[in-house]
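In what follows, a single structure is set out as structure tokens and then discussed.
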Number of protein chains: 2
Amino acid sequence: MLRLSKLTDYATVILSFMAKDETQVYTTMEIAATTGIAMPTVSKILKLLVNAKVLISTRGAKGGYALARVPEKITVANVISALEGPIALTECSISQKGCEQASGCGIRSNWSLINQTIHHALESVTLADMIKPAPVKDTIWNQEVIIPVSSLYR
Amino acid sequence: MLRLSKLTDYATVILSFMAKDETQVYTTMEIAATTGIAMPTVSKILKLLVNAKVLISTRGAKGGYALARVPEKITVANVISALEGPIALTECSISQKGCEQASGCGIRSNWSLINQTIHHALESVTLADMIKPAPVKDTIWNQEVIIPVSSLYR
DNA sequence: TTAAATAGTACTATAATGGTACACAATAAA
DNA sequence: TTTATTGTGTACCATTATAGTACTATTTAA
């Protein structure tokens, strides 16, 4: 399914919560309680986002996490690569190792083209976009459905 | 890494080989020998491609597989969805099950937008494009490097 | 000094993936 | 009609990746 990992999905949920107040410092516990994601998991995700410079952490008492910049400048690509490493569909798109068949596989450079397109698509969507109210279009969705996050995954 | 499965990658290799002669019927053994992919694995991939109507199979002696249509009409999206199911980054993009947080997750519809963009990117590249000679651009790549496919993956 | 908070490391269980094996069905040619 | 050839379907196993957990160290405000 060309899927993202659960953690990445969680990350978007966490970030969209944090974006409600761009400057506030949130503790792991707070975030876990609000999102319904287990605390150790939240912690793991937050650490990865700090490494990727999407969040800033403050240690010690009164510490916590806050967005490193305004939601408009945090892209989906940022989030995905924070959690899953470089965005690439195939190995040969990132590794500088060879990827040729004896009979000659001209595919590589075209994969990299596709990758660029996809990367661009992901760069063009920011956290600010993500938290915009959904464009009213479909019917079922816009009713206020209340389902805990944990049930998202089968 | 937002990655495709190995099988999908293999599939593109197999298809690009088969596209060399659009009309020829290839046996599993032939394909396995040429690509260096183990026969049972090739067989599995070919069956999935038949189910997705990308290939046509002929049983019995002198049987084998052939492209179901010209390479120009086989898209990367076709191949990916044949091997991995519907193209979607998140669960909520495909399942009709709910995906809302109590606090309101406005993310979903924007994911579906991203999905559409990516899907479009994948639809726009065909097998014919994939087998085009690589646009001469980078240096290392265009030397005739000979590496067996099996080494592609760590 | 203490309590509150993140950082880092290592571990475990579960699920997904890749790969294999084998019995069955179809067909062309002898 | 028989036999060799080739795909079909199902089930299975091993390996790897993922998700989640636990524990200890470090930092800092009060």
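Chain naming here is simple, since letters A, B, ... match the order of the sequence lines and numbering starts at 1 in each.
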Among D:dT8, C:dT20, D:dA19, which nucleotide sits nearest the side chain of A:Lys44? D:dA19
Identify which nucleotide among C:dT6, D:dA19, D:dT8 has an atom closest to any side-chain atom of A:Lys6, counting heavy atoms from C-beta outward.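 Closest nucleotide among those given: D:dA19.
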Just to verify, what does A:Asp21 make a side chain to side chain donor-acceptor pair (under 3.5 Å) with, not counting sequence neighbours? A:Thr23
Run the side chain to side chain contact (heavy atoms under 4.5 Å, CB included) check on A:Ile118 and B:Leu122 step by step: do they pass? CA-CA 9 Å; A:Ile118 289 179; B:Leu122 296 174; 4.2 Å; yes
OP1 or OP2 of D:dA17 less than 4.0 angstrom from a side-chain nitrogen or oxygen of A:Ser5, does that happen here? no
Below 4.0 Å: OP1/OP2 of D:dT8 and any side-chain N or O of B:Tyr65: yes
Give the rounded distance in Å between these two atoms: [atom1] of [X] and [atom2] of [N].
| X | N | atom1 | atom2 | answer |
| --- | --- | --- | --- | --- |
| B:Asp9 | C:dG18 | CG | P | 10 Å |
| A:Ile56 | C:dA7 | CD1 | P | 12 Å |
| B:Ile14 | C:dG19 | CD1 | C1' | 13 Å |
| B:Tyr10 | C:dT17 | OH | P | 14 Å |
| B:Met29 | D:dT6 | CE | P | 7 Å |
| B:Met18 | D:dG7 | CE | C1' | 13 Å |
| B:Ile31 | D:dT6 | CD1 | C1' | 12 Å |

If you look at every strand shown and take non-hydrogen atoms under 4.0 Å, does B:Thr28 touch a base, only sugar-phosphate, or nothing? sugar-phosphate
Here the residues of residues 45-53 of chain A within 4.0 Å heavy-atom distance, strictly under, of DNA chain D are none
Taking only residues two or more places apart in sequence, or in another chain, which ones meet [X] in a side chain to side chain contact (heavy atoms under 4.5 Å, CB included)?
| X | result |
| --- | --- |
| A:Ser124 | none |
| B:Ser43 | B:Thr28, B:Lys47 |
| A:Thr27 | A:Met29, A:Glu30 |

Side-chain polar contacts of residues 54-75 of chain A - donor-acceptor pairs under 3.5 angstrom, sequence neighbours left out - could you list them?
unit_1: A:Arg69; atom_1: NE; unit_2: A:Lys73; atom_2: O; d: 2.7
unit_1: A:Arg69; atom_1: NH1; unit_2: A:Lys53; atom_2: O; d: 2.9
unit_1: A:Arg69; atom_1: NH2; unit_2: A:Asn78; atom_2: OD1; d: 3.0
unit_1: A:Thr75; atom_1: OG1; unit_2: A:Ala77; atom_2: N; d: 3.4
unit_1: A:Thr75; atom_1: OG1; unit_2: A:Asn78; atom_2: N; d: 2.9
unit_1: A:Thr75; atom_1: OG1; unit_2: A:Asn78; atom_2: OD1; d: 3.1
unit_1: A:Thr75; atom_1: OG1; unit_2: A:Asn78; atom_2: ND2; d: 3.3

Quick one: which residue pairs count as a ring-ring contact (aromatic ring centres under 6.0 Å, His included) with a foot in residues 24-63 of chain A, not counting sequence neighbours? A:Phe17-A:Tyr26
Under-3.5 Å N/O pairs linking protein and nucleotides 27-30 of chain C:
unit_1: C:dT27; atom_1: O2; unit_2: B:Ala61; atom_2: N; d: 3.2

Within the side chain of B:Glu84, is there an N or O that forms a donor-acceptor pair under 3.5 Å with the backbone of B:Leu4?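 Not at all, since once roles are kept as given, no pair shorter than 3.5 Å links the two residues.
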